[in-house]
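Per chain, numbering begins at 1; letters A, B, ... match sequence-line order.
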There are 2 protein chains.
Amino acid sequence: MLEAASALGYRGPNPLGRQLRSGRSGIVGVVVGDSLRRSFRDPVSIQVLDGLATSIEALGLGLLLVRGSDEPGADALNPLLATAAMDVAVILWGATTDSPVLTALRERGVPLVVVEGRAGEGNALVQVEDRKGMRALGEHLLALGHRRIATVTLPFDRDGRQGPADADRLTHVGYEIARRRLAGLHDAGIEPTTVYEAPASLVELGTAAGRELLARPDRPTAIAAQSDLLASGVLLAARELGLRVPQDVSVAGFDGLDLPWLAPDVLTSVHQPLQAKGELIGRAVGDLLAGEHPPTRTLDVELVVGTTTGPPPA
Amino acid sequence: MLEAASALGYRGPNPLGRQLRSGRSGIVGVVVGDSLRRSFRDPVSIQVLDGLATSIEALGLGLLLVRGSDEPGADALNPLLATAAMDVAVILWGATTDSPVLTALRERGVPLVVVEGRAGEGNALVQVEDRKGMRALGEHLLALGHRRIATVTLPFDRDGRQGPADADRLTHVGYEIARRRLAGLHDAGIEPTTVYEAPASLVELGTAAGRELLARPDRPTAIAAQSDLLASGVLLAARELGLRVPQDVSVAGFDGLDLPWLAPDVLTSVHQPLQAKGELIGRAVGDLLAGEHPPTRTLDVELVVGTTTGPPPA
DNA sequence: CGGCTGAATCGAATCGATTTGAGGGACGAT
DNA sequence: ATCGTCCCTCAAATCGATTCGATTCAGCCG
């Protein structure tokens, strides 16, 4: 009987029939940044994605990668957003509130999980205590005696700007993640000498920022970056300029990545539980599929002091 | 009319119906290694994936991530392999010929694109000229005068072994990629003093290999690693041991990654066009969907000599 | 031995888009 | 004015699994 079926060319049940009948595709769409490369270069995304994939797989679901908007400004939305079957969509790195991606998915009625963004009506939110963590980092720097503190930030918006942000720019921070981490510094009572905006979380952009900040006449005694990759770029720039860390300048990051190539230095950083974050996103996906409205989930972070921060030079 | 439809709750055409009718899900399954984290930590996979995603998107298809087998030995196959809808599957990093992943997909009748593997009947193959590239690298080292040359390899199999490989082990190289790169060295006329097998392409594993190889009494004057990440780990180990590169030891890699944190060193490496590889995979996918049998596609590589190789110490 | 209840199997309807075929209407040509 | 053809529109069949309902058979009890 079974062999008869297979002799007739039967290859096992066709998933498409099941899917149509059940109305479920068993697929979770994950919207990552502009270019896959850009988001996958980022170890942060990768670890979150790994945790997410693990928990999603346990639910018997698949993970469909979808690129977000293409070129900045172009509203040529990725057609997959409109046509691909997905039961839930996860938006990594929040997207700005006005993001066409967000509105497109909302119009389709796809339940959303937003990561590090702003809660819309009816979509789940997963985030970490950025603001608190950054505040702790700021207080650490102040306690060490630093007063001239600069910061290198994640993108404010998807317009790819790079360089010091003026007061006007600071009022237009589209991405929650950059905004919250800036606010954390402010909470600590820090008014940064310079806020340098990087267009992405990449080592080389950190280096560029570091070169510019460290060459200034009013050179900061400490630089707090909003990501470990940016911070390690700053470290490289400091080395390049012959500055000792932390004797001449202190550098700190955010994320708590394992960066073997900085050895023997250990970056002072606010550690966030990336794997757990991915798993929480998975949990939120499960909740949405079960028809429940998942609560906003916020994970704690921890300041880990390494060897790259110390008292300012006398 | 349209507003009436939307008022009734119509959310646009349901992809599932279209899919059932057309028999196409519009989804390309990409089978990555054991754990997503492990494969995504690897910049090589990421760049290939990026190229693949770009060309697949141009075809209007989506990219479904599927983890390969779980724990080594466990034949608890990822259920997605059996149940998820996919029109074509891409197997990154070849899988061994006996891979249960391969047989599972073959039984389902899913057309396959195998990357850096062995051509089965009827599946497409995309690869680079590893062997030729490694031969060129070997000849470069020989021309510099090196005679005691060790090599750090990619995994032979999915059993996670780590350390020097003996003669017996060398006859059981399951992964084509490690086998071919070894063969390339042999083609150059090199009999490595030690073949050190790493269980994955990670910086820290390269460091472990470097520590062991460079501490030996018959310390090699050159180490050729099968990946840039392994090579940069070896570099770190050399620095750690106070060895100068390339004065005391030469180090070379494979892939041609951009590794900003090695600066000012530039790793001597065999460059492979990763982005283009991903695009070729996409082309193969397109061919399979069009019902054609795609040819085996082989990309060329190029030896780029950097600052990490030089004449052996006197 | 007959009737009733329970279980098992077979068939039909459903999910939603798509495609094809048929029918009707309109226009042009004879 | 009538016939033929072409186009447009609407309805029905299809894709494949699943689910629900109905029918049938068997077993048990009265």
Visitor: For B:R283, is the CZ atom crowded, meaning more than 12 foreign heavy atoms sit under 6.0 Å from it?
Guide: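 Check fails, neighbour count at 12 or below.
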
Visitor: Rounded to the nearest 0.5 Å, what separates atom CD1 in B:I27 from atom CZ in B:R24?
Guide: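 Here the interatomic distance stands at 13.0 Å.
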
Visitor: Taking the six-membered ring of A:F156 as reference, does the NZ or CZ atom of A:R161 fall below 6.0 Å from its centre and within a 45° cone about the axis?
Guide: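 Verdict for A:F156: no cation-pi partner in A:R161.
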
Visitor: Partners of A:D157 by salt bridge (Lys or Arg N to Asp or Glu O under 4.0 Å), sequence neighbours excluded?
Guide: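 So A:D157 forms no salt bridge (Lys or Arg N to Asp or Glu O under 4.0 Å) with any residue.
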
Visitor: State whether a side-chain donor-acceptor pair under 3.5 Å links A:S227 with A:D255.
Guide: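 There is no such pair between these side chains.
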
Visitor: Write down the atom of B:M86, the atom of B:L105, and the distance for their closest heavy-atom approach.
Guide: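 The pair with the smallest heavy-atom distance is CE-CD2, 4.2 Å.
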
Visitor: Could you check whether any side-chain N or O of B:D130 sits under 3.5 Å from a backbone N or O of B:R180, counting only pairs where one atom can act as donor and the other as acceptor?
Guide: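 No.
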
Visitor: Using a heavy-atom distance cut-off of less than 4.0 Å, which residues of residues 19-29 of chain A contact DNA chain C?
Guide: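 Residues of residues 19-29 of chain A that come under 4.0 Å of DNA chain C are, in numerical order, A:L20, A:R21.
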
Visitor: Using five pairs at either end of the helix from C:dC1-D:dG30 to C:dT30-D:dA1, determine the angle between the two local helix axes and round it to 10 degrees.
Guide: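 Answer rounded to 10°: the end axes differ by 60°.
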
Visitor: State which residues pass salt bridge (Lys or Arg N to Asp or Glu O under 4.0 Å) with A:R179; sequence neighbours excluded, sorted by chain then number.
Guide: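 With sequence neighbours excluded, A:R179 shows a salt bridge (Lys or Arg N to Asp or Glu O under 4.0 Å) to A:E176, given in chain and number order.
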
Visitor: Any idea which heavy atoms bring B:N123 and B:R106 closest together, and the distance?
Guide: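 In this case the closest contact between B:N123 and B:R106 is ND2-NH1, 3.6 Å.
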
Visitor: With heavy atoms of chain A within less than 4.0 Å as the criterion, where does contact along DNA chain C begin and end?
Guide: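 The contacted stretch runs from C:dT14 to C:dG16.
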
Visitor: Is there any side-chain hydrogen bond (donor to acceptor under 3.5 Å, both in side chains) pair reaching into residues 284-297 of chain B, and which pairs are they, with sequence neighbours excluded?
Guide: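 Pairs touching residues 284-297 of chain B that pass the test: B:D287-B:R297.
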
